[in-house]
2 protein chains.
Amino acid sequence: MGMSVRDVATRAGVSVGTVSNVLNRPDKVSPHTVDKVRAAIDELGFVRNDAARQLRAGRSLSIGLIVLDVSNPFFTDVARGAEDRAAEDGLTVLLGNSDENEDREAAYLDLFEKQRVHGVLFSPVGDAQSRLDALHRRGIPTVLVDRPTTDERFSSVAVDDVAGGYLAARHLLDTGRRRLAFVGGPRDLHQVADRLAGATNAVDETADATLEYIATDALTVLQGRQVGEAIRERDAVERPDALFAANDLVAMGLLQALSMVGPLTVPGDVAIVGYDDIDFASAAVVPLTSIRQPSALIGSTAVDLLLREAEAPDEFERQHVVFQPELVVRDSTAPKV
Amino acid sequence: MGMSVRDVATRAGVSVGTVSNVLNRPDKVSPHTVDKVRAAIDELGFVRNDAARQLRAGRSLSIGLIVLDVSNPFFTDVARGAEDRAAEDGLTVLLGNSDENEDREAAYLDLFEKQRVHGVLFSPVGDAQSRLDALHRRGIPTVLVDRPTTDERFSSVAVDDVAGGYLAARHLLDTGRRRLAFVGGPRDLHQVADRLAGATNAVDETADATLEYIATDALTVLQGRQVGEAIRERDAVERPDALFAANDLVAMGLLQALSMVGPLTVPGDVAIVGYDDIDFASAAVVPLTSIRQPSALIGSTAVDLLLREAEAPDEFERQHVVFQPELVVRDSTAPKV
DNA sequence: TGAGCGCATTGAATCATTTCATTTCATGCA
DNA sequence: TGCATGAAATGAAATGATTCAATGCGCTCA
């Protein structure tokens with residue numbers, strides 16, 4: 001228990017400096033000595049103490065990542081991308097789940113600061129201005145994730161939700177639909193606003209097409225089901241022939257309500273497009289057409305920007321990376337027959 | 001930047017020892033001095049360096065937690081319970097996602113050891129014998145989560161899956177069903193084996209009841225759908241009138257296949273019980289009866305045992321805590337009319 | 001007045017690692 | 001043989017918070 005470099009040094013008959021060199025720059029040490037030291041490490045079961053390392057180094061070997069919801073596959077994929085990229089530089093990702101709660105978010109930021117992380121990646125709850133100001137004031141490299149910004153103090157990595165909205169609506173129009181409806185809310189979520197804006201752009205290009213906005217209180221299956229039930233009751237002339245849901249959960253609710261009961265069919269009477277391309281989307285009763293985001297790439301890119309900023313905080317130009325989403329076509333939008 | 005207790009001490013005109021006392025035992029310091037020191041801390045923006053604290057203390061202020069799948073709501077609830085309990089003792093939970101991958105699991109264990117965590121909570125991948133042996137050899141307090149064991153070297157916190165299986169089957173029998181089928185696999189998952197065993201016990205108590213085992217390769221929606229489609233095609237005499245799925249995802253697949261197409265209804269022709277009571281379960285087309293596990297309680301209890309062991313490693317008697325699951329009745333098992 | 005008490009404060013030592021200026025030593029070359 | 005060279009190894013210093021034995025100080029009471 002509690003073996004230190006000093007114990008290893010004694011055992012191997014060398015100095016502590018040499019043990020440290022074996023650990024960090026084995027090429028600077030003669031092969032014979034390296035062997036002796038490695039043998040001593042094994043015999044004693046020595047495990048490096050990260051705290052001492054970090055104290056000496058002035059900062060930790062980790063990056064903090066705060067997501068809005070760990071159980072959302074989008075964020076777990078982002079985390080995976082970040083971990084893999086960080087591992088390339090021998091760094092670890094500390095994962096915090098804010099659960100859209102500002103107090104939890106603030107608690108994680110405090111923790112990360114005490115831990116002297118290299119920097120923080122995060123998807124802020126609300127506008128988080130005060131917390132962002134504090135991070136900037138303290139000079140902690142910070143990259144905003146899935147949150148477009150023009151703030152020049154921070155880099156950001158996001159996906160073009162306007163383009164995603166356009167893709168979805170364009171696809172519906174291309175497959176012959178004309179009476180579109182966008183389902184989602186609340187409208188002050190930037191994802192909702194942007195996706196709707198993109199859809200609007202596409203509809204505006206097409207003379208005889210219309211787009212209705214149907215608001216929900218949240219992006220959940222239940223909310224989608226309720227909207228779906230309301231739509232089911234409408235007269236045929238009032239009914240949209242295509243629905244674009246702000247995310248896959250809402251889309252699944254719509255699908256359930258429309259296809260379960262009554263005479264309507266998907267995609268026969270109504271086509272549905274979701275957003276996020278979660279696993280459930282392809283496993284739905286009618287496999288769901290959706291918009292896929294390059295989640296892992298978002299994570300790795302964010303780490304990349306973070307490390308570059310951490311290396312040269314003054315010179316590094318903050319960047320705003322925006323990825324393009326991708327349309328994944330499945331049965332729920334097959335053309336009308 | 002880089003303010004230390006020394007800077008704070010200078011600013012406040014006191015010694016470093018006093019600053020430390022203000023931080024850790026403010027009642028031992030005169031109120032006037034406390035104010036001076038707090039003011040200096042604010043003015044300088046001093047943030048404690050965890051690495052130095054941990055170095056001195058000999059161990060970190062955290063507990064490691066490794067789960068099989070962060071996106072499974074069961075595990076995020078466990079994590080929440082653990083975090084809350086740990087916070088009571090001023091500790092942090094480092095969350096690692098093994099994703100049922102032994103290499104990732106091993107990497108997290110290494111990390112936690114270098115960090116000198118208080119101990120490790122984990123839900124091992126496979127039998128993990130070698131990793132468990134290593135933890136024991138090094139004297140790292142370890143609590144197994146959601147993994148019943150009789151191993152006297154480790155405490156464990158789990159849910160009685162046999163009882164859960166019994167509850168589910170008993171409920172189906174009580175509501176008048178007689179031809180039961182259990183759907184799930186692979187059978188070497190202890191959850192699958194135990195839940196099936198419990199269901200078998202219940203069926204054995206009832207003279208005219210039968211239980212069929214229908215295997216799946218994994219516990220996913222898709223696998224459930226496939227089984228559901230096969231059942232839909234059976235002749236009425238061959239068809240079960242009640243299905244008990246090894247988890248809610250499988251149950252949802254079954255529900256989709258049975259209730260979407262064809263003449264069968266749920267619960268009219270076939271009743272369905274799931275397991276885990278995930279959010280989706282109550283939002284399904286037919287709200288799903290399910291077995292709920294006290295997930296947060298599992299997490300907090302595990303931390304509890306861990307801390308008691310960490311305090312007195314030699315005296316503390318390892319414990320095997322087993323919680324009882326709970327039946328949550330919804331529409332999918334309404335009695336036959 | 002001075003001994004005795006207790007609260008408040010001090011600051012050197014400690015934790016484990018890394019770094020780097022210095023030392024050691026073998027080798028090659030004149 | 002004497003000297004220069006450079007690779008290898010050394011060990012003291014530094015990182016920042018905490019602890020604890022020692023000290024200071026104000027007060028009471030004889």
Side-chain angles (χ1 to χ4, degrees), chain A residues 1-38 40-41 44-62 90 110-111 113-118 138, chain B residues 1-38 40-41 44-62 90-92 111-118 138:
Chain A
M1 318 297 110
M3 291 299 162
S4 73
V5 277
R6 177 150 277 108
D7 300 309
V8 173
T10 307
R11 176 83 170 214
V14 300
S15 70
V16 293
T18 298
V19 175
S20 179
N21 281 331
V22 169
L23 293 170
N24 299 298
R25 298 173 220 78
D27 50 306
K28 299 280 170 223
V29 181
S30 74
H32 176 240
T33 307
V34 171
D35 289 346
K36 273 194 306 183
V37 172
R38 295 234 165 100
I41 288 175
L44 297 176
F46 165 78
V47 175
R48 248 148 126 173
N49 183 323
D50 265 353
R53 233 144 95 78
Q54 293 175 20
L55 173 58
R56 181 62 233 245
R59 61 181 175 178
S60 84
L61 301 162
S62 358
D110 275 5
L111 175 67
E113 192 169 0
K114 287 192 290 196
Q115 302 240 13
R116 302 289 193 272
V117 294
H118 270 62
R138 300 187 173 288
Chain B
M1 316 299 113
M3 292 298 161
S4 73
V5 278
R6 176 151 277 106
D7 300 311
V8 173
T10 307
R11 175 85 173 212
V14 300
S15 72
V16 293
T18 299
V19 175
S20 179
N21 281 333
V22 169
L23 293 170
N24 299 297
R25 298 172 219 80
D27 49 307
K28 298 278 170 224
V29 182
S30 75
H32 176 239
T33 307
V34 170
D35 290 346
K36 274 195 307 185
V37 172
R38 294 238 164 99
I41 287 176
L44 297 176
F46 165 78
V47 175
R48 247 146 127 176
N49 184 324
D50 266 352
R53 237 143 92 78
Q54 292 175 21
L55 173 58
R56 179 64 230 246
R59 60 181 174 176
S60 85
L61 301 162
S62 0
L91 298 175
T92 306
L111 174 67
F112 291 161
E113 191 167 0
K114 286 192 291 195
Q115 303 240 18
R116 302 289 193 272
V117 294
H118 271 63
R138 299 187 174 288

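So that the names make sense, note that chain A is the first sequence line, chain B the second, and so on, each numbered from 1. All figures in this text were calculated on a predicted structure; none of them were measured in a lab.
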Provide, to the nearest angstrom, the distance between the [atom1] atom belonging to [X] and the [atom2] atom belonging to [N].
| X | N | atom1 | atom2 | answer |
| --- | --- | --- | --- | --- |
| A/Lys28 | C/dT18 | NZ | C1' | 16 Å |
| B/Lys114 | C/dT17 | NZ | C1' | 14 Å |
| B/Leu55 | C/dA13 | CG | P | 17 Å |
| A/Ile41 | C/dA16 | CD1 | C1' | 14 Å |
| A/Asn21 | C/dT17 | CG | P | 14 Å |
| A/Asn24 | C/dT18 | CG | P | 5 Å |

Name the nucleic acid region contacted by [X], choosing base, sugar-phosphate or nothing; use a 4.0 angstrom heavy-atom cut-off, strictly under.
| X | answer |
| --- | --- |
| B/Arg59 | nothing |
| B/Val19 | nothing |
| A/Thr18 | base |
| B/Ser20 | base |
| B/Gly58 | nothing |
| A/Arg116 | nothing |
| B/Asp50 | nothing |

Item to check | From B/Val29, B/Val22, B/Asp27, residue fulfilling side chain to side chain contact (heavy atoms under 4.5 Å, CB included) relative to B/Arg25 | outcome: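 So the option named by the test is B/Asp27.
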
Next on the checklist: Name the residue from B/Val16, B/Thr18, B/Asn24 that meets the side chain to side chain contact (heavy atoms under 4.5 Å, CB included) definition with B/Ser20.
Outcome noted: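 For B/Ser20, the side chain to side chain contact (heavy atoms under 4.5 Å, CB included) test succeeds with only one of B/Val16, B/Thr18, B/Asn24, which is B/Asn24.
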
Using every non-hydrogen atom in the two residues, find where [X] and [Y] come nearest and quote the distance to one decimal.
| X | Y | value |
| --- | --- | --- |
| B/Arg116 | A/Arg48 | NH1-O, 3.3 Å |
| B/Phe46 | B/Val5 | CE1-N, 3.6 Å |
| B/Thr33 | B/Ser30 | OG1-OG, 2.7 Å |
| B/Ala51 | A/Leu55 | CB-N, 3.8 Å |

Phosphate-side-chain proximity, [X] and [N], N/O vs OP1/OP2 below 4.0 Å:
| X | N | answer |
| --- | --- | --- |
| B/Ser15 | C/dG11 | no |
| A/Arg48 | C/dT18 | yes |
| B/Ser30 | C/dT9 | yes |

Checklist entry - Salt bridge or not for A/Asp35 and A/Arg38, using N-O below 4.0 Å? => result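 No, A/Asp35 and A/Arg38 are not salt-bridged.
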
Checklist entry - Starting at the 5' end of DNA chain C and moving along, which residue's nearest nucleotide shows up first, B/Arg56 or B/Gly13? => result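 That would be B/Gly13.
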
Checklist entry - Which residue lies toward the 5' end of DNA chain C, A/Phe46 or B/Gly17, if each is placed at its nearest nucleotide? => result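 Closest to the 5' end, via its nearest nucleotide, is B/Gly17.
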
Checklist entry - For the helix from C/dT1-D/dA30 to C/dA30-D/dT1, what angle lies between the axis at the first five pairs and the axis at the last five pairs, to 10 degrees? => result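 What I find for the helix from C/dT1-D/dA30 to C/dA30-D/dT1 is an axis angle of 60°.
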
Next on the checklist: Looking at A/His118 and A/Leu61, would you say the former's side chain and the latter's main chain have a donor-acceptor pair under 3.5 Å?
Outcome noted: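 Not a single qualifying donor-acceptor pair exists.
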
Next on the checklist: Is there, by distance only and without an angle test, a donor paired with an acceptor across the side chain of A/Arg53 and the base of C/dT18 below 3.5 Å?
Outcome noted: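 There is none.
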
Next on the checklist: Using 0.5 Å steps for rounding, measure from the CG atom of B/Leu23 to the CZ atom of B/Arg53.
Outcome noted: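 The CG atom of B/Leu23 sits 8.0 Å away from the CZ atom of B/Arg53.
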
Item to check | B/Val47 and A/Arg138, any side-chain heavy atoms less than 4.5 Å apart | outcome: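 Contact flag for A/Arg138/B/Val47 side chains = yes.
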
Next on the checklist: Going 5' to 3' along DNA chain D, which are the first and last nucleotides with any atom under 4.0 Å from a heavy atom of chain B?
Outcome noted: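 Using the under 4.0 Å cut-off, the span is D/dG16 to D/dT19.
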
